[in-house]
Every structure is written in structure tokens, then in C-alpha cells.
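Presented below is the structure to which this report refers.
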There are 2 protein chains.
Amino acid sequence: MAKKRKVGNLLALAVLSYLTRAPMHPYELSRTLRDNDDVRSIRFNHGSLYMVVQQLAKAGFIVEQETTRAGQRPERTVYALTDAGRHELRDWLRELVEEPQHEYPHFVAALSLIAAIPPSEVVVLLGHRLGRLAELRAEIRDLIDTTIAKDVHPLFLIEEEYRLALLDAESTFVEQFIKKITHPKTGWGPLWATFHGEPAPAEERKQS
Amino acid sequence: MAKKRKVGNLLALAVLSYLTRAPMHPYELSRTLRDNDDVRSIRFNHGSLYMVVQQLAKAGFIVEQETTRAGQRPERTVYALTDAGRHELRDWLRELVEEPQHEYPHFVAALSLIAAIPPSEVVVLLGHRLGRLAELRAEIRDLIDTTIAKDVHPLFLIEEEYRLALLDAESTFVEQFIKKITHPKTGWGPLWATFHGEPAPAEERKQS
DNA sequence: TCTATCATGTAACCAGTTACATGATTTT
DNA sequence: AAAATCATGTAACTGGTTACATGATAGA
């Protein structure tokens, strides 16, 4: 069971992580996150960042260090990590690495209700999905290759490798699912079609 | 790009889906969802259900059909699907099946920041994760088998098969990652350790 | 019969997203 | 120099979760 964190938004984890390098103000954090492509892995938006920074400050994980203003720009508040913050970062990351979380991907939800679509249409949709999965795979592959070419160590791309692994597994699953529906002798298609008032199959089966 | 839905919570999709069978009141929906194990695939909690039902009604996807009270129980409002609701269900499900969504699993976030933990500790944590993944796999396998034994058609367990596929892919990935860190000649461990003030490796590499 | 748990709903709180605001740069 | 875009922050809105409330049934 995942521990209840004072600040639960994963964006906070990234903030703590970057503040280990040096104190920063929110905009600098924002820029760094975007430059490092962390926005691909951690849900980011402008408003949430400011909220999370406030929450971290209230929780004592970071402290306002100084307030500077350059020219007529709005004041920028620089935050620094506290010892409590350093500890929270370590503890939280450890938990995320060692303990798988129960999550709710959209495709799982779709699969759990997929019987509501007639099987002939489902195989078409799954075919489209396979195409999109292949496209996504190519994009990620390309991102990895061009980044490595800039001399970034592959350790900093490990999350993209993970995505590739999941994409491949999903593609394989979808292909097999299509076969389960369409297999000439044992396919689920005919039975499934009867849920939709389409022609009845030869033999009867039970449903839930 | 995913279309913007009037009601975006996936719980609403399940509600629409069950209302295709028969009109129901919220509590009955709640019970049905729990009985069918849909709560494993779609984030559920009591309060959200009532909210979602209200939203669906406001959007015109369902209508209040009648209000009954049995004994001294609170009044129960029965809702029925509208044509618009039937259409929304079809359209939404289609989209979820054919279009992969960009999502943000916790482990991806952890991987993107994992360099903040020293490599010797990471391999231990990854080892723990492998153990937990194996346990989860066994639980799901068991759930599938016992449900099939009750004569439920495997179509209604397809989302659990998908989960298995992802778990297996993740296990394989984690094993390979451990090897990448610990490989005697080419492992990332030594370089990585230098980020944490530990003994320097033989050759230099760049980081991001 | 007392206590616990179930059945059912509402309301208050909080986190996350979107929209707004405004000075500074850059482009045309 | 007008228009567009960037840099930076705040505020309002909305959706989701937690907590509260209360009658009914079942277990001890």
C-alpha cells in the first residue's frame, strides 16, 4: 500500500529532484523540466507547478531562500531544499521503484467494457490501434537515437526504453486478441455477435 | 488527440454501459460495478459515482425515470439511458480502443529520476520490485482461473489478460535494467556512482 | 437488545486545470 | 512602432475525494 504523502503530485518529486542540484525559482524549474523532456513522464502544467511549490513549502520540504527582481520583471522567489525535503525525495523514489502501484490505464477500462461493441467493429478498431502503436514506437525510437547522438548517457533515457517495452507487449497482445476473435473454428466472434442481435452461432456458451 | 468529453471520468463510461441493460438507481450501479470486479479496471469511489451520475444527467446522456422509496429508506432515483447516451457510449469506447493515450504511470516517473539514487541501492530496490511483480502475476492468474471455472466467458476477463502481458513485459525490462547496471565490464554502475560522490570509474562519460 | 455493518445520500474540502493579467522581447 | 510571443505569476472554477449523516438489517 502506498504511503500517504503530504504532497502527492509527482510533479513535486521532480521539483525536489532538481532542487538537489541548486536552489531555483519556479520559472527556472519549469524551463528545466521542459528542456529535459520530463514533461513526457510527469504530468506538467504551469498552474500545477506553482501549486506544488506552495505545498512543498508549507510541508517544510523546501524554503524560500531569497527574493530577487531583475529589471521590471515580477519578483522571483528562489527556493532551496531542506533536509526534510532531501529525505522525502529519497524515501518517495525508493517506494516508487520497489513497489508497483495499481493503476487505471484507459485501455484497461476500454477492454473491460469492450463487449458493448460488436466484434466485427472491434477487429477494425484494434487494427487501427496496431497502426498507431507502431507509429508511437517509431517516434520513441527516434527520440532515443537522436538524444544518444548528442552524447546523453542512456541511463537518462531508461524511461523511454521502458515505454518501448510496454508498447511492444501491447502490440503483441492486441494481435493475439484479434486472433481470438477471428479464429475460424474457435473464434469468439459468433457468440459475441449474438449479444448484439446478430446471427446466432452454432453452439451455445455462457456469459457473465 | 483525445476528444474533449462533456463527462470525462471513466466511471461514467461504466455507468452508460450498465444502463444499456436496464434502468438503475445509483446504488444498484455501485453494487453491480463491485460485483463485476470493474473496480479493478476503473477508479471507483462512492462519492464520485453520484457526481458522475449528476453530470451525465446534466449532459443529457441519462434521464431521471422514476423515484421510488421502499419502506423508510431514502428515496432512490432510477436513471435510464437516452439516445444521446447510447451514442456517447459507442463513440467513447471506439476512441479508447483505437487510439492509445499518452499516460503517466508512476514507474515511468520514477525511472526518469532514478539517477538520484545510488546504483547499489537501485539494484536492491529493483530486486524487490521483481518479487512483487511475480506476486501480482500469481494473483491475477488465480483470479482468471477461478472466474473461468465459474463458466464466465474469457472475453469478460480480457483486461486481466492484458495486465498479465504488461506485467511480464515489465519483469523482463527490470531484469535487463539490472544487468545494464551490474554488467562486470560495461555496467553503468561505476559511472553512476560518481554522481553520488562514490569512487570514480575508469573512463569519463557525459551526462544530460 | 446492543452493536456493528450495510444501504443510501449529501456536503465540505482540496487539488488540479484553465483562464486571466501584465511587463519584456522579438518579429514584421 | 504594432503585433505577436515569451516570461512570470495569480485567481477563479471545477471535478474528485473524504467525511458526515441516518435509517435498516443482522449478528452477538
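Bear in mind the structure is a predicted one, so any value in this text is a computation, not a measurement. Residue numbers start from 1 in every chain, and the chains themselves are labelled A, B, ... in the order their sequence lines are given, proteins ahead of strands.
- A cation-pi arrangement is present between R129(A) and F107(A) under the rule of less than 6.0 angstrom and at most 45 degrees off the ring axis.
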Please list, pair by pair, any protein nitrogen or oxygen found under 3.5 Å from a nitrogen or oxygen in nucleotides 15-19 of chain C.
{"unit_1": "dG16(C)", "atom_1": "OP2", "unit_2": "N9(A)", "atom_2": "ND2", "d": "3.4"}
{"unit_1": "dT17(C)", "atom_1": "OP2", "unit_2": "N45(A)", "atom_2": "ND2", "d": "3.2"}
{"unit_1": "dT17(C)", "atom_1": "OP2", "unit_2": "S48(A)", "atom_2": "OG", "d": "2.8"}
{"unit_1": "dT17(C)", "atom_1": "O5'", "unit_2": "N45(A)", "atom_2": "ND2", "d": "3.4"}

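- Here the P atom of nucleotide dT10(C) and the OH atom of Y50(B) are 8 Å apart, to the nearest Å.
- If you take CD of Q54(B) and C1' of dA11(C), they are 11 Å apart, rounded to a whole angstrom.
- Residue pairs satisfying the side chain to side chain donor-acceptor pair (under 3.5 Å) criterion with at least one member in residues 158-167 of chain B, sequence neighbours excluded, are listed as follows: E170(A)-Y162(B), R40(B)-E160(B), S41(B)-R163(B), E160(B)-R163(B).
- Listed by first and then second residue, the side chain to side chain donor-acceptor pair (under 3.5 Å) pairs involving residues 171-182 of chain B amount to none (not counting sequence neighbours).
- Scored by the side-chain contact (heavy atoms from CB on, under 4.5 Å) test, A134(A) finds no partners at all (sequence neighbours excluded).
- Taking atom CZ of residue R5(B) and atom P of nucleotide dG16(D), one finds them 15 Å apart after rounding to whole Å.
- One atom, CZ of R31(A), and another, P of dT5(D), lie 16 Å apart when rounded to the nearest Å.
- Residues passing the side-chain contact (heavy atoms from CB on, under 4.5 Å) test with R137(A) are R141(A), L164(A), L167(A), D168(A), sequence neighbours excluded.
- In this structure, the CG atom of L29(A) is 15 Å from the C1' atom of dA7(D), given to the nearest Å.
- Note on residues 106-126 of chain A: pairs passing salt bridge (charged side-chain N to carboxylate O under 4.0 Å, His left out), not counting sequence neighbours, are E121(A)-R94(B).
- For the segment residues 104-113 of chain B, no residue has any heavy atom less than 4.0 angstrom from an atom of DNA chain D.
- To the nearest angstrom, C1' of dG9(C) lies 13 Å from NE2 of H25(B).
- Applying the side-chain contact (heavy atoms from CB on, under 4.5 Å) test to R5(A) and every residue at least two apart in sequence or in another chain returns K3(A), E88(A), D91(A), W92(A), E95(A).
- The side chain to side chain donor-acceptor pair (under 3.5 Å) contacts involving residues 49-62 of chain A comprise nothing, where partners must be two or more places apart or lie in separate chains.
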